[in-house]
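So the structure is just underneath, and the comments pick up after that.
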Amino acid sequence: MRKITLYIVLAFLANSCSKKDSLPDYAFVIPLYLKWNINGIEYEYRVGENAMFSRSFVLINSDGNRKFVYELHLDGNEFFRITFFSKKNTERPEKDLVHLLNSSEGLPFKTSSGNHPGSVLIEMFASEQLTKSTEIALNEDKKLLTISLRDFTVSEKKYIEAEIRFSCFLISVNDSSLAEITNGEGLIAFRYK
């Protein structure tokens with residue numbers, strides 16, 4: 001029953017992520033992308049090529065802090081999601097996001113349930129299976145690093161673009177199996193006005 005409920009919730013979320021909410025392809029000189037290895041197999045998805053679209057949005061946690069969410073929709077209901085947990089909810093969203101991404105030490109992965117300001121969570125839904133980087137002690141020494149950051153305006157809309165690197169372990173919510181992501185990298189973006 002729990003598994004069916006999870007699929008219904010994920011299907012609802014995926015269907016609510018319509019292309020009209022997506023980040024426009026024309027706004028980015030280099031297409032937004034994510035690339036990673038799992039068990040020696042390389043995966044690469046680029047918007048406008050083999051990824052359907054990407055989008056970003058902000059949610060408010062129960063503690064009042066923000067979550068900045070970037071999603072790359074791969075195919076159908078499949079997606080790769082990166083969530084950044086804010087620790088500066090009194091700042092304007094764009095300053096809050098830049099503060100998070102500018103961390104010189106990188107952002108640690110959230111390794112337990114609950115809200116963890118200043119951390120990051122990776123989730124992937126593929127082949128009807130959700131995997132996530134949370135609640136895994138193996139990720140305690142792992143970090144998501146920002147290589148470069150760019151703030152720009154296109155058609156009166158403001159964006160923050162970040163080049164990132166990451167490696168982490170993902171755990172399946174279905175059967176608790178582990179997968180290790182290595183050589184993760186990408187170009188992600190957030191629209192803030």
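Glu42 CD: more than 12 foreign heavy atoms inside a 6.0 Å radius. Crowding of Asp141 atom CG: a count of heavy atoms from other residues, nucleotides or ligands under 6.0 Å not exceeding 12.
Shown here for Leu145 and Gly106, the closest heavy-atom pair between the two residues is CD2-CA, 3.6 Å. Taking all atoms of both residues into account, the shortest heavy-atom contact from Ser56 to Arg191 is OG-N, 3.3 Å. Annotation for Ala189 and Tyr70: closest pair O-CD1, 3.3 Å, computed over non-hydrogen atoms. Of all non-hydrogen atoms in Glu123 and Thr83, the two that sit nearest each other are OE1-OG1, 4.3 Å. Here the closest heavy-atom approach between residue Asn139 and residue Ser133 is recorded as ND2-O, 2.9 Å. Between Phe166 and Glu185, the closest heavy-atom pair is CE2-N, 3.6 Å.
Distance check: Lys132 NZ to Lys110 NZ gives 7.5 Å after rounding to the nearest 0.5 Å. Put simply, OG on Ser86 and NE2 on His99 are 9.0 Å apart, with the number rounded to the nearest 0.5 Å. Rounded to the nearest 0.5 angstrom, Leu138 CG and Leu178 CG are separated by 6.0 Å. Taking NE2 of His73 as the start and CZ of Phe125 as the end, the distance is 12.0 Å to the nearest 0.5 Å. Once rounded to the nearest 0.5 Å, the distance linking CG of Leu34 with CG of Leu187 reads 9.0 Å. Once rounded to the nearest 0.5 Å, the distance linking CD1 of Ile160 with CZ of Arg150 reads 11.5 Å.
Taken together through direct or relayed side-chain contacts under 4.5 Å among Ile, Leu, Val, Met, Phe, Trp and Tyr, Leu149 and Phe152 form part of one hydrophobic cluster. Leu97 and Ile60 sit in two unconnected hydrophobic clusters of ILVMFWY residues. Membership requires side-chain heavy atoms under 4.5 Å apart, directly or through other members.
Ion pairing between a basic and an acidic side chain is recognised when a charged N comes within 4.0 Å of a carboxylate O; Glu44 and Arg46 show such pairing.
Residues that satisfy the side-chain hydrogen bond (donor to acceptor under 3.5 Å, both in side chains) test with Ser104, not counting sequence neighbours, are absent from this structure. The ring-ring contact (aromatic ring centres under 6.0 Å, His included) test applied to Phe84 returns Phe190, not counting sequence neighbours.
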Worked check of salt bridge (charged side-chain N to carboxylate O under 4.0 Å, His left out) between Lys158 and Asp151: CA-CA 7 Å; Lys158 297 186 181 269; Asp151 193 343; over 6 Å; no
Determine, stepwise, if the pair Val47 / Leu72 fulfils side-chain contact (heavy atoms from CB on, under 4.5 Å). CA-CA 8 Å; Val47 175; Leu72 184 66; 3.5 Å; yes
Would Ser167 and Ile181 count as a side-chain contact (heavy atoms from CB on, under 4.5 Å) here? Give the steps. CA-CA 5 Å; Ser167 291; Ile181 288 183; 5.6 Å; no
After noting the C-alpha distance and the side-chain angles of Met124 and Ile38, does the key distance pass the side-chain contact (heavy atoms from CB on, under 4.5 Å) rule? CA-CA 12 Å; Met124 187 167 45; Ile38 294 180; 3.7 Å; yes
Under the side-chain contact (heavy atoms from CB on, under 4.5 Å) rule, what do Tyr159 and Thr153 come out as? Steps first, then yes or no, please. CA-CA 6 Å; Tyr159 300 90; Thr153 303; over 6 Å; no
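Side-chain atoms of Ser148 and Thr146, non-hydrogen and from C-beta on, never get closer than 4.5 Å to each other. No side-chain heavy atom of Tyr192 sits less than 4.5 Å from a side-chain heavy atom of Val98. Counting heavy atoms from C-beta on, the side chains of Gln129 and Glu78 never come closer than 4.5 Å. At least one side-chain heavy atom of Ile164 sits under 4.5 Å from a side-chain heavy atom of Ile82. Using a 4.5 Å heavy-atom cutoff, the side chains of Phe169 and Lys142 are in contact. Looking only at side-chain heavy atoms (C-beta outward), Phe109 and Leu121 stay at 4.5 Å or farther from each other. Residues Phe85 and Lys67 have side chains in contact (heavy-atom distance under 4.5 Å, counting atoms from C-beta outward). Within the 4.5 Å cutoff, the side chain of Glu71 has no heavy atoms near those of the Phe53 side chain.
With Ser103 contributing its side chain and Leu100 its backbone, the two residues share no donor-acceptor pair below 3.5 Å. Of the possible donor and acceptor atoms, none in the side chain of Ser177 sits under 3.5 Å from a partner among the backbone N and O of Ser172. No side-chain donor-acceptor contact under 3.5 Å links Asn183 to the backbone of Asn37.
Using cut-offs of 30° and 60° on the angle between ring planes, the pair Trp36 and Tyr43 is parallel.
Checking Tyr33 against Glu49 by side-chain atom types alone, no donor-acceptor pair falls below 3.5 Å.
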